[in-house]
Protein chains: 2
Amino acid sequence: MEPVPMLLAMTYRAMGDQFHDRLRQIGLEPLRPAHGYVFRFLKEKRATTVDIGQHLGVTKQAAAKIVNELDDWGYVLREPHPTDKRAQYVTLTTKGRDYLKLADNLWSDLENEMAEAIGEDTLATIRQGLAAYLRHVHGEDQPGLRPVW
Amino acid sequence: MEPVPMLLAMTYRAMGDQFHDRLRQIGLEPLRPAHGYVFRFLKEKRATTVDIGQHLGVTKQAAAKIVNELDDWGYVLREPHPTDKRAQYVTLTTKGRDYLKLADNLWSDLENEMAEAIGEDTLATIRQGLAAYLRHVHGEDQPGLRPVW
DNA sequence: CCAAAGTAGTCAACCAAGTTGTCTAAGCCT
DNA sequence: AGGCTTAGACAACTTGGTTGACTACTTTGG
């Protein structure tokens, strides 16, 4: 019997490949999964580069590189932290929020197709099951988002 | 709502991290996920380096590097292909098969813990659902095993 | 049957995306 | 005040892949 992680990896890749293909037809900058996850994170909470690194599961230096790219491309900008003069908040620009909307549409297309293929209830069970497992293993503090190969 | 791939990535990482931690306590060579997946692949079918690369979703050169490491460490050996003088079959040594057994035990421990946490039936649904989706998207030809970050 | 096209494996150069280590300036804590 | 911690930046390095080129062998089609 195949280990579950293999199924997870293959499904992750299958979905990611499709997403990437559809995205490429639109012809934006070469955004990687990490960039998208940063957008999603920034939509929820104000965050510094260090926060982002922690969320992705990489060092702050690696996170800084990603933030720099997003800045260069105009998806985010930095604004001074109100109380801490060392820190900067990274915030989404309009371009960033637009991208996020587009990506959300693509993802929901893909999930609808998945629901159609395996059943809506099955998909819901997968969602809830994985979320429950994650809560079980780590408490509130989430694991890194980046799959370690 | 969080996209499903994020859940997949986080669960993959959570399980992989635990596996790695437990494995490290035993103190073997620094085997990465790819190595394990190669063992599992070789157990099923005779394969060349090119086959392995395809299975992992990397180039044959990258696969060759992995096979070389496994060879150096004594987990696999190469034997001449019966009909094609260019090719070599990569086969598991006893050490390789032993590792695979050990890994299988660790994985089944982890899956049992998962089943306990989220319910055996939920885990079964996840298994079947993901497998069904993969069959739906790709036919028989599997996607790469390696998650693309 | 032979020539052209394709394939397995290897070598080498390169690249992307992380890492560790170091430093400065700023904050925090008794 | 003084000592520890932290955000961010810079640099050197590592890892794990890539592309490209080449040899030896195999397959295919006229």
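Note on naming: letters A, B, ... go to the chains in the order of the sequence lines (proteins, then strands), and numbering restarts at 1 for each one.
- The CG-C1' distance, from B/N68 to C/dG9, rounds to 10 Å in whole Å.
- Summary of the strand contacts: B/V50 and A/T83 both lie near DNA chain C, and taking for each the nucleotide with the nearest heavy atom, the more 5' one is attributed to B/V50.
- Rounded to an integer number of Å, the gap from A/R146 CZ to D/dG17 C1' is 13 Å.
- Residue-level contact check: A/A64 touches neither bases nor backbone, having no heavy atom under 4.0 Å from any strand.
- On a pure distance criterion of 3.5 Å, no polar donor-acceptor pair joins the side chain of B/R86 and the base of D/dT26.
- Two residues, B/K60 and B/I66, neighbour DNA chain D, and the one matched to the more 5' nucleotide by heavy-atom proximity is B/I66.
- Applying the 3.5 Å distance criterion, the base of D/dG17 shares a donor-acceptor pair with the side chain of B/K65.
- Put simply, B/T49 has no side-chain N or O that comes within less than 4.0 Å of OP1 or OP2 on C/dA8.
- Listed by first then second residue, pairs satisfying side-chain hydrogen bond (donor to acceptor under 3.5 Å, both in side chains) with a partner in residues 54-67 of chain A number zero, not counting sequence neighbours.
- For B/W149 and C/dG18, the shortest distance from a side-chain N or O to OP1 or OP2 is below 4.0 Å.
- For the pair B/D104 and B/K101, the salt-bridge criterion is not met [side-chain N within less than 4.0 Å of a carboxylate O].
- Listed pair A/R32 / C/dA17 meets the phosphate criterion, a side-chain N or O lying under 4.0 Å from OP1 or OP2.
- For the pair B/L70 CG and D/dG16 P, the computed distance is 13 Å after rounding to whole Å.
- Distances shown here put a side-chain N or O of B/T48 below 4.0 Å from the OP1 or OP2 atom of C/dG9.
- At whole-Å resolution of the value, CZ in A/R13 and P in D/dG17 are 11 Å apart.
- In this structure, the ring of A/Y12 has its center no less than 6.0 angstrom from the ring center of B/Y12.
- The base of D/dG20 sits with one of its N or O atoms less than 3.5 Å from a complementary donor or acceptor on the side chain of B/Q61.
- Regarding B/Y89, its OH atom lies at a distance of 15 Å from the C1' atom of C/dG9, rounded to whole Å.
- Aromatic ring pairs are classed by plane angle as parallel below 30°, tilted from 30° to 60° and perpendicular above 60°; the pair B/W107 and B/F19 is parallel.
- Taking 3.5 Å as the limit, the base of D/dG16 and the side chain of B/E69 contain no donor-acceptor pair of atoms between them.
- When the options A/I66, A/T91, A/V90 are evaluated for a side-chain contact (heavy atoms from CB on, under 4.5 Å) with A/V76, the one that passes is A/V90.
- If you measure from atom CD1 of A/I52 to atom C1' of D/dA9, you get 16 Å, rounded to the nearest angstrom.
- Rounded to whole angstrom, the span from the CG atom of B/D84 across to the P atom of D/dT27 amounts to 6 Å.
- Rounded to an integer number of Å, the gap from CG of A/D51 to P of D/dA7 is 8 Å.
- Distances shown here put a side-chain N or O of A/T59 below 4.0 Å from the OP1 or OP2 atom of C/dT19.
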